[in-house]
Each structure stands twice: as C-alpha cells, then as structure tokens.
S.K.: 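Quick one: the structure is below, and I'll ask about it shortly.
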Amino acid sequence: MILLSAKVIAIANQKGGVGKTTTTLNLAAALALLGQRVLAMDLDPHANASVHLSLFPETLEVTAYDLFHAQQADGALFSRLIKTGLSGGFDFVPGHIRLSELEVDLRDRENKGLILTQALTLLRDRYDYVLVDCPPHVGVLLVNAIVASDMVLIPIQTDFLALYGIRLLFDTIRLLNKVLPHAVRYRALATMYDQRTAACRKILRLMRDKLGARVFTTVIHFDTKFRESSAGGKVIFEVDPKARGAREYMQLAKEMLANENA
Ligand SMILES: Nc1ncnc2c1ncn2[C@@H]1O[C@H](COP(=O)(O)OP(=O)(O)O)[C@@H](O)[C@H]1O
Ligand SMILES: [Mg+2]
C-alpha cells in the first residue's frame, strides 16, 4: 500500500525518563533508514530532543512555540521552522522552554486542542511519518498531540513504578475518547528491559496480560549505548548500528510498517 498521507504518532507517557525522547529520535532514524520520509517534533518544554540534535532553542529564530502562537500556520512558517539535512536522516521541529507558557497563552483560544491537527494538514503529503515527542504532563500540548495522532505510542519503562505512571495517561485517553469522533488508538512499547531482573520480567508479563496485542512484539532492552549517543548528539545508528538498541529500534520500525501494510 502506498501511504498518501503521513501517519502521526504521539510518543507519550506522563512519567519522565521512560524513553519517550529516545524512542522518538531513534524510531525516526530507523524509519528514515527504511526509506520513509519522517518529521520529528519536540513538544516538550525541556527540549531534550532538540538539544540531543545540537539544536539549542535559545539560538533559534522559530520553534514549536511559534507554531502554537500562529493564528494560521502556513508554508512560510514551516520553511523557517523545519530543520532539514540533519544527520539522523529525518526533518525536525525544535521545542522551546516557552512551550510551558502555552497553557496560559492559549487560555482563551478557540479550538485550542486542534492547533496541531490543523497545522499538520499542510504537511501530511510531505511525510510518511510525523513523530511527536510529548511533554510528561497533561495539558494543551499533550491534548494537541493525541488529537492529531493516528496512534499514541506509550513507552513503558519495565519497572514497577513505571506502570503506575500510565494510569494518568489512560485517564487522558478516556477523557479524549468522549469528545473525539473516533477512539484513540494506542500501542505500548516495553523499554529499558533487563531480562535478568525479576521485576522487569513481571512488568512485561503484566503489560502483555493487560494490553495484549497492543504491546509491540519488539522489546527495547537496556543498552548503555543510548546514553553514549545522546551525550554525543547522535542517534544510536550513528554511534553503533550493530548495537542491540539500534537493532531493536529498527525491528520496531519494521513492525510498525508491517502493521501498516497488514
Ligand atoms: N533502552 C534504554 N537503555 C538504556 N538507557 C536508556 C534507554 N532508553 C533511554 N535511555 C536513557 O534514559 C534516559 C531517559 O530517557 P528519555 O528518552 O530521555 O526519556 P523521556 O523522554 O521519557 O524523559 C536518557 O538518559 C536515555 O539516554
Ligand atoms: Mg523526553
């Protein structure tokens, strides 16, 4: 099947440190290596994904913050906003700490949950995938990302406390399901898995029991190469394409493409 329109994937979990940014960047790179046209967006005020790619928000003229402020996103804004020619092989919209001000700035804006959806209509034929790195809290940005998405990808760090974190996200999804014309599609991804640890094995079992086929078959194991690559401003494929983490994000990309074409 030829994709005529970008699939938008929101990478979300209200818990921090579970692998959202790592998944956004490395899945984007894997999809790009497979020949997909990919745009990644940083909607987290911490702007970790941007810094990871050596795009320092304070030095940038426009960021995702401006996208949410524009009354009408247009081609001219996107051409200033979208960074191309990056080493990961995908295009990128940087974030900014001021994204955290949007809660207040957009207080009186009509249809404020649809800003990203509307903006992306202009881009849907330019990309096969748009991956959105979400902030770790409920708010206007997370709602925009979920509303715009075809799928919410929930990275779950395979330890005990991480499972509690997703309750909040499911509450948000349930709430949105009441107002959206279709139910939010979501899939869970086990991250930082260590099969030697009983707690990890237990959480993965629990995830599969509770969420069944919604859990990706691919499991991302703990791999120190991720720290190394983020410290060096690279995706794992540039640091060590043979690393386990690289192979697993490639496997995840293939699993997604296979599901798409099924
Ligand atoms: N599979 C993994 N194995 C080892 N370290 C990882 C893995 N995934 C992410 N990390 C590291 O864990 C930290 C948090 O990951 P990150 O993707 O920034 O989480 P989030 O965006 O959810 O806050 C980072 O230092 C990252 O390099
Ligand atoms: Mg992050």
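One-based numbering, in listed order, for ligands and for the atoms of each.
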S.K.: Below 4.0 angstrom from a heavy atom of Phe222, which ligand 1 atoms are there? Numbered from 1 as shown, please.
M.R.: 3 (N), 4 (C), 5 (N)
S.K.: Should Asp223 be listed as contacting ligand 1, given a heavy-atom distance under 4.0 Å as the test?
M.R.: yes
S.K.: Identify the protein heavy atom lying closest to atom 16 (P) of ligand 1, giving its residue, its atom name and the separation to 0.1 Å.
M.R.: Thr22 OG1, 3.6 Å
S.K.: Answer whether the closest heavy-atom distance between the side chains of Pro94 and Asp42 falls below 4.5 Å.
M.R.: no
S.K.: Answer yes or no: does an N/O atom from Thr191 fall short of 3.5 Å to an N/O atom of ligand 1?
M.R.: no
S.K.: For the residue pair Tyr193 and His221, categorise the inter-ring angle as parallel (less than 30°), tilted (30 to 60°) or perpendicular (more than 60°).
M.R.: perpendicular
S.K.: Of all the non-hydrogen atoms in the protein, which one sits nearest to atom 10 (N) of ligand 1, and at what distance?
M.R.: Met192 CE, 3.8 Å
S.K.: Look at Lys242 together with Asp240 and state whether they make a salt bridge at an N to O cut-off of under 4.0 Å.
M.R.: no
S.K.: Does an N or O from Thr224, backbone or side chain, lie closer than 3.5 Å to an N or O of ligand 1?
M.R.: no
S.K.: Looking at Phe216, I'd like to know if the NZ or CZ of Arg187 sits under 6.0 Å from its six-membered ring centre while staying within 45 degrees of the ring's axis.
M.R.: yes
S.K.: Would you say Leu43 and Asp133 make side-chain contact, with heavy atoms under 4.5 Å?
M.R.: no
S.K.: Tell me the protein heavy atom at minimum distance from atom 19 (O) of ligand 1, and give that distance in Å.
M.R.: Gly19 N, 3.0 Å
S.K.: State the atoms of ligand 1, each with its element, that fall below the 4.0 Å cut-off from a heavy-atom position in Phe226.
M.R.: 1 (N), 2 (C), 3 (N), 6 (C), 7 (C), 27 (O)
S.K.: Could you tell me whether ligand 1 has any atom less than 4.0 Å away from a heavy atom of Val18?
M.R.: yes
S.K.: Considering heavy atoms of the protein only, find what lies nearest to atom 18 (O) of ligand 1 and give residue, atom and distance to 0.1 Å.
M.R.: Thr21 CB, 3.9 Å
S.K.: Kindly indicate whether the side chain of Val38, heavy atoms from C-beta on, has any atom under 4.5 Å from the side chain of Phe92.
M.R.: no
S.K.: For ligand 1, note which part of Ile220 has a heavy atom under 4.0 Å away: side chain, backbone, both or neither.
M.R.: side chain
S.K.: Any side-chain heavy atom of Lys7 sitting closer than 4.5 Å to one from Val130?
M.R.: no
S.K.: Evaluate salt bridge (Lys or Arg N to Asp or Glu O under 4.0 Å) for Asp223 paired with Lys225, printing each intermediate quantity in order.
M.R.: CA-CA 5 Å; Asp223 187 340; Lys225 284 273 173 359; 5.6 Å; no
S.K.: Between His221, Arg244, Lys20, flag the one that comes closest to atom 22 (O) of ligand 1 by a heavy atom.
M.R.: Lys20
S.K.: For atom 13 (C) of ligand 1, find the nearest protein heavy atom and state the residue, atom name and distance (0.1 Å precision).
M.R.: Arg227 NH2, 4.3 Å
S.K.: Using 2.8 Å as a strict upper limit, say whether an N, O or S atom of Thr21 approaches the Mg ion (ligand 2) that closely.
M.R.: yes
S.K.: Is the NZ or CZ atom of Arg214 positioned over Tyr186's six-membered ring, under 6.0 angstrom from the centre and within 45° of the axis?
M.R.: yes
S.K.: Would you check the N or O atoms of Asp133, main chain and side chain alike, for any that come under 3.5 Å of an N or O of ligand 1?
M.R.: no
S.K.: Is the number of heavy atoms from other residues, nucleotides or ligands under 6.0 Å of His69 NE2 greater than 12?
M.R.: yes
S.K.: Check if Gly17 has a non-hydrogen atom at a distance under 4.0 Å from any atom of ligand 1.
M.R.: yes
